**Q** 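The structure's right below; bear with me while I get my questions together.
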Number of protein chains: 2
Amino acid sequence: MKFCSECAHPVSLQIPPDDNRPRYVCSQCGTIHYQNPKMVIGSIPVWEQDGELRILLCKRAIEPRYGYWTLPAGFMENDETTTEAALRETYEEAGARVELHELFALLNVPQVHQVHMFYRATLRDLDYQAGTESLEVKLFSESEIPWDDIAFPTVGQTLKFFFADLARIRKEGGTFALHTRDVRTPMRQKD
Amino acid sequence: MKFCSECAHPVSLQIPPDDNRPRYVCSQCGTIHYQNPKMVIGSIPVWEQDGELRILLCKRAIEPRYGYWTLPAGFMENDETTTEAALRETYEEAGARVELHELFALLNVPQVHQVHMFYRATLRDLDYQAGTESLEVKLFSESEIPWDDIAFPTVGQTLKFFFADLARIRKEGGTFALHTRDVRTPMRQKD
């Protein structure tokens, strides 16, 4: 940020009165330009048939991480809720209609000023298709997940939490739980 | 937003190529200025003694809702995690050191472009005091909660979820659960 978005005067980094962090401040109109973390919201779309559970992943058609696989997710927009964001991103990136369940993972990524959230979801049908931001959309069973080609560590972590819960539930019963984690590894490095 | 924060040229609302929402776009340098929801993070600081559970509330010394009661909470900052934000806000507003537990409530407030999150917490001691944004900080048992003078509907809702869980746990056992809710009532109206 170089200029005030309200009056076009150059801004400077200053600690405002009654504050303890440097902010971009306009000395002409006085506006303090706060910058805050963004939410990236997505889903874990599941299709279960003949006892086999598979998850829908998208191969990214955009940078960062072009060509790597991800769960459908993207930046939450103003005027929507977290579940609306998850449904929208799942439809935009994977052309998939899902029934959303509980929030499953909340991952802090402070080094890029983001919080990632993933909801469990069930595909309503197999009528999915790659959106403009995806090269390909495909169902993967646990043994087929391309672990070495997952786009972001938060996605790999969420998939690991999911299959660990699934194994526990199949063995002992119980339900899925909310998983929270801070992910401080670089976002473009393999998980 | 009137001017580009990168080059000071006037911006205009346009739907960029490959997008479907109006954004503030700079026709001079091409920057698209995305605007996204912000997170407000706080805690539910609990003190339990002689079988009585009380919750620490702060009387707001700032607008909006000057003079009304709230749980300690505030905007999450860049470079921090959701739990760091909850600890920081609890200390800044209530001068209180807490042990944080699980995320307890996630409330969407789409009409003001916010997501509010509250963590359960236990006060480490009774050495709390009002921060600069609070007039007063005080422990309330359930029957003492000033329900008519709660600052924001998300805070009232979170307190109701908390006491409902507590009643269930005391009666039937079990644990606290994550509560999610969309709160579409005006943020400055009584709950």
Side-chain angles (χ1 to χ4, degrees), chain A residues 1-11 17-21 23-24 26 29 33-41 62 75-85 88 92 102-104 106-115 117 119 131-133 175 177-184, chain B residues 1-11 17-21 23-24 26 29 33-41 62 75-85 88 92 102-104 106-115 117 119 131-133 175 177-184:
Chain A
M1 162 161 263
K2 295 171 191 154
F3 300 96
C4 177
S5 54
E6 293 305 306
C7 77
H9 194 264
V11 292
D18 291 330
D19 201 341
N20 50 24
R21 288 167 191 254
R23 314 279 184 186
Y24 287 106
C26 177
C29 74
H33 298 278
Y34 295 97
Q35 296 182 312
N36 303 88
K38 293 178 196 289
M39 283 167 278
V40 171
I41 318 264
I62 52 169
F75 286 107
M76 183 176 171
E77 300 278 6
N78 281 349
D79 302 314
E80 70 184 358
T81 65
T82 48
T83 53
E84 287 167 350
R88 177 182 54 73
E92 284 180 5
E102 301 80 30
L103 181 64
F104 177 72
L106 185 150
L107 305 123
N108 281 287
V109 201
Q111 68 275 24
V112 291
H113 313 150
Q114 293 176 3
V115 176
M117 295 185 218
Y119 284 83
T132 55
E133 298 186 358
T175 55
L178 173 70
H179 295 265
T180 57
R181 178 69 63 97
D182 299 341
V183 175
R184 295 182 189 268
Chain B
M1 161 161 265
K2 297 173 191 154
F3 301 95
C4 177
S5 53
E6 292 305 306
C7 78
H9 194 263
V11 293
D18 292 328
D19 200 342
N20 51 24
R21 287 167 191 257
R23 314 280 183 187
Y24 288 105
C26 176
C29 74
H33 298 277
Y34 295 96
Q35 296 183 313
N36 303 89
K38 293 179 196 289
M39 283 166 278
V40 171
I41 318 264
I62 52 170
F75 286 106
M76 183 176 172
E77 299 277 5
N78 280 350
D79 302 313
E80 69 182 359
T81 66
T82 47
T83 51
E84 287 167 351
R88 177 182 54 73
E92 284 180 6
E102 302 81 28
L103 181 64
F104 177 73
L106 184 151
L107 305 122
N108 281 286
V109 200
Q111 67 276 23
V112 292
H113 314 150
Q114 292 176 4
V115 176
M117 295 184 218
Y119 285 83
T132 55
E133 298 186 358
T175 56
L178 173 70
H179 296 265
T180 57
R181 178 69 62 98
D182 300 339
V183 175
R184 296 183 188 270

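Convention: sequence-line order gives letters A, B, ...; per-chain numbering from 1. Here the structure is a predicted model, which means the values were calculated and not measured.
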**Q** Between B:Gln114, B:Arg184, B:Glu133, who has the most heavy-atom pairs with chain A when the cutoff is under 4.5 Å?
**A** B:Arg184
**Q** Among the options A:Ala85, A:Ala177, A:Cys7, A:Ser5, pick out the one with the most heavy-atom pairs lying under 4.5 Å from chain B.
**A** A:Ser5
**Q** Of all of A:Glu102, A:His9, A:Arg23, A:His33, which one pairs up most often with chain B through heavy atoms under 4.5 Å apart?
**A** A:Arg23
**Q** Checking heavy atoms, do the side chain of B:Thr81, its backbone, both or neither come under 4.5 Å from chain A?
**A** both
**Q** Could you go through A:Leu106 and B:Met117, starting from their C-alpha distance and side-chain angles, then the distance that decides it, and tell me whether this counts as side-chain contact (heavy atoms from CB on, under 4.5 Å)?
**A** CA-CA 11 Å; A:Leu106 185 150; B:Met117 295 184 218; 3.9 Å; yes
**Q** Under a 4.5 Å heavy-atom cut-off, does chain A meet the side chain of B:Gln111, its backbone, both or neither?
**A** neither
**Q** Less than 4.5 Å to any heavy atom of chain A: does that hold for the side chain of B:Asp18, its backbone, both, or neither?
**A** neither
**Q** Heavy-atom distance under 4.5 Å to chain B: side chain of A:Glu92, backbone, both or neither?
**A** side chain
**Q** Is it the side chain or the backbone of A:Arg88 that comes within 4.5 Å of chain B heavy atoms, both, or neither?
**A** side chain
**Q** Which of the residues B:Val115, B:Leu178, B:Thr83, B:Asn78 is involved in the greatest number of heavy-atom pairs with chain A at under 4.5 angstrom?
**A** B:Asn78
**Q** Flag the one option from B:Val11, B:Thr132, B:Thr180, B:Thr82 with the top tally of heavy-atom pairs under 4.5 Å to chain A.
**A** B:Thr82
**Q** Examine whether an atom of A:Glu77 lies under 4.5 Å from a heavy atom of chain B, and if so say whether it belongs to the side chain, the backbone or both; otherwise answer neither.
**A** both
**Q** Say you draw a straight line from CG of B:Asn36 to CD of A:Glu80; how long is it, rounded to the nearest 0.5 Å?
**A** 9.5 Å
**Q** Let me know if B:Glu84 has heavy atoms under 4.5 Å from chain A in its side chain, its backbone, both or neither.
**A** side chain
**Q** Checking B:Asn108 against A:Met76 for the side-chain contact (heavy atoms from CB on, under 4.5 Å) test, could you report, in this order, the C-alpha distance in whole Å, the side-chain angles of both residues, the deciding distance, and whether it holds?
**A** CA-CA 11 Å; B:Asn108 281 286; A:Met76 183 176 171; 3.7 Å; yes
**Q** Atom NZ in B:Lys38, atom CE in A:Met39: separation rounded to 0.5 Å?
**A** 10.0 Å
**Q** In terms of heavy-atom pairs under 4.5 Å with chain A, which of B:Pro110, B:Pro37, B:Ala8 leads?
**A** B:Pro37
**Q** Would you compute the distance between atom OH of B:Tyr34 and atom CZ of A:Phe75 and round it to the nearest 0.5 angstrom?
**A** 9.5 Å
